[in-house]
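Please read the structure below before turning to the comments.
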Amino acid sequence: EVQLVESGGGLVQAGGSLRLSCAASGLAFDDHATGWFRQAPGKEREGVSWIRSSDGRTYYTDSVKGRFTISSDNAKNTVYLQMNSLKPEDTAVYYCATGGSGLATMSVYEYDYWGQGTQVTVSS
């Protein structure tokens with residue numbers, strides 16, 4: 001059974017920080033991208049960032065560049081998203097996904113496996 005479990009969400013004030021974790025079981029991160037998407041109420045799911053364990057390449061959507069940092073611990077099959085300088089517009093359910101192609105478009109259709117999501121709420 002393939003399972004991705006996110007944790008680390010919560011409620012923070014604008015300007016605060018959170019670190020999300022995505023722990024994988026039933027598969028190992030490989031040449032495919034593992035990334036984070038987010039979805040706010042009434043909005044489409046949006047790609048945030050990905051990392052490719054095989055070569056360490058990363059991607060960030062423009063709205064989070066300079067504020068978010070993605071990293072991975074391959075031995076633990078865990079991917080992290082450090083979120084700093086959080087803004088109210090970052091409020092969303094954040095989902096971990098893997099099996100992506102490593103494209104800047106970050107289409108949800110690229111990703112084969114998804115976690116259950118963790119809520120991030122940023123107050124103003």
Side-chain angles (χ1 to χ4, degrees):
E1 179 183 358
V2 175
Q3 187 174 20
L4 301 176
V5 179
E6 302 99 330
S7 62
L11 173 64
V12 297
Q13 295 185 57
S17 298
L18 287 172
R19 189 173 81 151
L20 306 183
S21 298
C22 172
S25 61
L27 82 167
F29 301 136
D30 48 26
D31 292 337
H32 297 292
T34 300
W36 293 91
F37 291 76
R38 64 188 181 186
Q39 188 166 23
K43 302 291 186 180
E44 294 186 359
R45 195 164 296 188
E46 172 193 26
V48 176
S49 179
W50 58 253
I51 186 167
R52 190 160 58 210
S53 298
S54 60
D55 58 8
R57 286 188 171 184
T58 59
Y59 164 82
Y60 302 93
T61 194
D62 286 344
S63 63
V64 308
K65 285 181 179 176
R67 301 189 297 121
F68 291 9
T69 303
I70 193 168
S71 62
S72 65
D73 185 334
N74 295 334
K76 295 181 178 179
N77 256 16
T78 301
V79 169
Y80 306 95
L81 186 68
Q82 179 67 46
M83 305 186 295
N84 298 327
S85 301
L86 283 162
K87 304 174 181 179
E89 51 262 47
D90 295 317
T91 295
V93 177
Y94 282 70
Y95 297 90
C96 179
T98 194
S101 300
L103 301 174
T105 52
M106 283 201 78
S107 170
V108 297
Y109 304 110
E110 300 176 36
Y111 290 80
D112 297 318
Y113 305 104
W114 293 81
Q116 84 290 344
T118 185
Q119 176 71 48
V120 171
T121 302
V122 185
S123 64
S124 59

[X] side chain near [Y] side chain, heavy-atom distance below 4.5 Å:
| X | Y | result |
| --- | --- | --- |
| Q116 | V5 | yes |
| Y80 | L20 | no |
| E89 | S63 | no |
| T98 | D112 | no |

If you look at every heavy atom in [X] and [Y], which pair is closest and at what distance?
| X | Y | result |
| --- | --- | --- |
| A40 | A92 | N-CB, 3.8 Å |
| S17 | S85 | OG-N, 4.3 Å |
| S72 | S53 | OG-OG, 4.1 Å |

[atom1] of [X] to [atom2] of [Y]: how many Å apart, nearest 0.5 Å?
| X | Y | atom1 | atom2 | value |
| --- | --- | --- | --- | --- |
| E6 | C96 | CD | SG | 5.5 Å |
| S49 | M83 | OG | CE | 11.0 Å |
| L81 | L18 | CG | CG | 9.5 Å |
| Y60 | I51 | OH | CD1 | 7.0 Å |

| Hey, are D90 and K87 close enough for a salt bridge, meaning a charged N less than 4.0 Å from a carboxylate O? |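 Looking at K87 together with D90, the answer is no, because their closest N to O distance does not fall below 4.0 Å.
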N/O donor-acceptor pair under 3.5 Å between [X] side chain and [Y] backbone:
| X | Y | value |
| --- | --- | --- |
| T118 | G9 | yes |
| E110 | S101 | yes |
| Q39 | E44 | no |
| Q82 | I70 | no |

| message | Suppose clustering is done on Ile, Leu, Val, Met, Phe, Trp and Tyr with side-chain heavy atoms closer than 4.5 Å. Which residues sit in the same group as V93? | response |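 So far as hydrophobic clustering goes, V93 is joined with F37, W50, Y59, Y95, M106, V108, Y109, Y111, W114.
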| request: Please report the C-alpha distance between W36 and V79 in whole Å, then the side-chain angles of each, then the deciding distance to 0.1 Å, and finally whether the side-chain contact (heavy atoms from CB on, under 4.5 Å) criterion is met. | output: CA-CA 9 Å; W36 293 91; V79 169; 3.6 Å; yes
| message | Could you tell me if R38 sits above the aromatic ring of Y94, with its cationic atom closer than 6.0 Å to the ring centre and no more than 45 degrees from the axis? | response |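 No.
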| All side-chain contact (heavy atoms from CB on, under 4.5 Å) counterparts of T121, not counting sequence neighbours |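 Listed in chain order: L11, T91, Q119.
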